[in-house]
Amino acid sequence: MASPVAREARSPVPMANPLTQLSLAELRRRTSVKWRQYADDVLPLWVAEMDVPLAAPVAEALHDAVGRGDTGYAYGTGYAEALADFAARRWGWSDLAVDRTALVPDVMLGIVEVLRLLTAPGDAVVVCAPVYPPFYAFVSHADRRVIEAPLGADQRIDVSALGEAFRRARADGRRAVFLLCNPHNPTGVVHRRDELEAVADLAGRYGVRVVSDEIHAPLVLPGARFTPYLTVPGAEDALAVLSASKAWNLAGLKSALVVAGPHAVADLRRMPEEVGHGPSHLGVIAHTAAFRDGGEWLDRLLAGLDHNRELLGVLLARHAPTLRYHRPEGTYLAWLGCTALGIDTGPVGDEPGVVTDIAGPARLFLDRARVALSSGHVFGTGGAGFVRLNFATSPEILTEAVTRMGRAVTEHHASHG
Ligand SMILES: Cc1ncc(COP(=O)(O)O)c(C=O)c1O
């Protein structure tokens with residue numbers, strides 16, 4: 001029988017929803033962390049990998065490269081050109097200049113290299129908490145200090161908290177960066193243009209440089225619109241990091257791009273040449289094909305994710321109505337408030353940032369429901385009492401997972417009054 005990838009790659013008829021192509025048995029044959037971290041009776045809805053076959057144009061580009069034995073080092077600006085065309089088509093970002101880009105191994109290593117260009121050891125990096133745990137881990141590992149600016153109660157950027165964090169970061173005249181997550185992981189908030197303008201204004205006033213992680217940008221769902229940070233007035237000295245990795249499920253095919261605003265070009269030029277040795281040639285080939293030819297596949301994925309986003313709301317209302325669900329505007333991540341369970345996350349010991357650490361509600365769902373979610377406490381301040389659920393899976397798996405979670409919640413409420 002043809003593998004699902006081959007079926008998708010060869011099919012003359014465009015397939016429908018990429019999220020409905022693979023059975024649980026097929027997915028369990030995968031060897032990536034999502035499928036191997038937990039035992040076989042656990043449904044893994046944690047790390048940001050999607051349960052999809054490769055998009056046909058990406059699979060074809062990789063097959064062709066392997067057929068040619070084209071497995072040397074990466075070269076050229078094809079990835080940046082494909083991204084620039086995609087950005088112009090999708091987001092109206094018409095001045096993404098290829099000569100203001102640099103190829104980096106992946107988004108997080110790209111961010112670290114940009115931090116090295118803009119700051120010195122001991123300088124501060126401001127993040128809006130709760131946020132993607134590696135923002136803490138990579139920043140600390142690069143000897144920079146994390147300063148948190150908590151999100152508002154509406155889970156959107158709180159400008160006054162951000163201003164206070166910028167003030168602290170710049171005390172003693174030290175250099176500082178704001179590491180923006182645009183769209184925001186884990187809440188799925190897509191920052192509006194007016195919000196980003198307020199960020200740029202604040203950053204300009206305090207002399208804080210902005211680095212915008214836009215890895216989830218292609219995953220903005222119907223109803224919201226992505227604003228590239230570099231298109232906002234006042235963001236000319238910012239840098240953005242983009243990649244096809246999340247939207248086309250290419251995390252194992254390493255590469256990403258840093259894009260400098262016009263006033264950050266001199267900074268980007270100081271990027272050491274050896275950083276460009278990190279991305280994989282096959283990664284660059286795959287990411288280029290995704291941005292260049294993967295639009296139709298992406299549209300089908302977004303329709304599937306939109307469906308799952310609604311389904312998740314229905315399932316939670318039916319099986320676990322005490323959990324709070326903030327419908328995400330983008331990403332395939334749902335940030336579920338579980339404080340009604342009354343589970344104390346307890347002394348967790350670890351710093352935020354350890355993605356595999358499980359405590360509090362996530363521990364209940366793992367032990368009692370056999371559903372693996374990301375534990376909220378590793379996302380920093382404001383994360384305890386939440387879990388992050390990855391809904392980039394089939395409606396069947398999502399239904400089974402939430403049904404099991406609902407049973408665990410019911411048993412928990414019954415045994416705890
Ligand atoms: C906001 C954010 N940045 C970066 C990454 C990781 O990207 P990469 O694997 O390219 O370092 C992720 C992965 O989920 C993410 O959500």
Side-chain angles (χ1 to χ4, degrees), residues 32-34 37 44-52 74 79 83 101-115 125 127-139 141-142 146 151 155 157 177-191 210-220 226 228-229 239-259 275 278-280 282-284 286-288 290-291 305 328-335 352-356 373-376 378-380 383 388-392:
S32 62
V33 69
K34 182 178 191 186
Q37 175 76 7
L45 303 187
W46 63 294
V47 68
E49 295 180 20
M50 298 194 288
D51 297 347
V52 293
Y79 186 2
L83 171 65
T101 64
L103 202 53
V104 288
D106 58 29
V107 168
M108 287 316 303
L109 292 177
I111 288 170
V112 165
E113 293 301 339
V114 171
L115 294 180
V125 176
V127 303
C128 281
V131 74
Y132 180 56
F135 276 21
Y136 296 90
F138 280 74
V139 168
H141 187 57
V146 175
L151 294 171
Q155 300 191 337
I157 291 174
V177 159
F178 172 38
L179 182 50
L180 170 69
C181 194
N182 178 36
H184 194 88
N185 172 3
T187 57
V189 163
V190 177
H191 308 299
V210 179
V211 178
S212 185
D213 175 339
E214 307 195 338
I215 195 169
H216 290 280
L219 292 167
V220 169
F226 170 65
Y229 184 69
L239 296 107
V241 190
L242 292 105
S243 168
S245 133
K246 283 303 107 176
W248 286 271
N249 205 38
L250 305 177
L253 288 157
K254 290 276 175 189
S255 75
L257 286 165
V258 174
V259 185
V275 175
S280 124
L282 288 179
V284 171
H287 288 227
T288 304
F291 275 125
L305 291 176
E329 299 170 300
T331 79
Y332 45 77
L333 307 167
W335 187 233
V354 182
V355 289
T356 49
L373 305 170
S374 300
S375 189
V378 303
F379 292 77
R388 192 193 72 175
L389 181 150
N390 170 352
F391 59 86

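When a ligand or atom number is given, it counts from 1 through the structure's own listing order. Owing to the predicted nature of the structure, the values given are computational and were not obtained by experimental measurement.
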For this session: From atom 13 (C) of ligand 1, work out which of Glu214, Lys254, Met108, Lys246 has a heavy atom at the shortest distance.
Result: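 Shortest heavy-atom distance from atom 13 (C) of ligand 1: Lys246.
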For this session: Between Ile215, Asp213, Asp106, flag the one that comes closest to atom 7 (O) of ligand 1 by a heavy atom.
Result: Ile215
Give the atom numbers and elements of ligand 1 that come within less than 4.0 Å of a heavy atom of [X].
X	answer
Asn185	15 (C), 16 (O)
Ala48	14 (O)
His216	1 (C), 15 (C), 16 (O)
Cys181	1 (C)

For this session: Check step by step if side chain to side chain contact (heavy atoms under 4.5 Å, CB included) holds for Leu180 and Val211.
Result: CA-CA 6 Å; Leu180 170 69; Val211 178; over 6 Å; no
Seminar exercise, completed: the protein heavy atom lying closest to atom 10 (O) of ligand 1 turns out to be Val107 N, 2.8 Å
Exercise. In the protein, what heavy atom is nearest to atom 6 (C) of ligand 1, and what distance, to one decimal place, separates them?
Worked result: Tyr132 OH, 3.3 Å
Exercise. If you round to the nearest 0.5 Å, how far is CD of Glu113 from CE of Met108?
Worked result: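 One finds 12.0 Å between CE of Met108 and CD of Glu113.
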For this session: Please round to the nearest 0.5 Å and tell me the distance separating atom SG of Cys128 and atom CG of Leu151.
Result: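 Interatomic distance, Cys128 SG to Leu151 CG, rounded to 0.5 Å: 5.5 Å.
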For this session: For residues Tyr332 and Lys246, determine if any side-chain heavy atom of one lies less than 4.5 Å from a side-chain heavy atom of the other.
Result: yes
For this session: Tell me, with the steps shown, if Leu179 and Val139 meet side chain to side chain contact (heavy atoms under 4.5 Å, CB included).
Result: CA-CA 10 Å; Leu179 182 50; Val139 168; 4.3 Å; yes
Exercise. Would you find a donor on one side and an acceptor on the other, under 3.5 Å apart, between the side chain of His287 and the backbone of Leu253?
Worked result: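 Looks like yes, one N/O pair under 3.5 Å.
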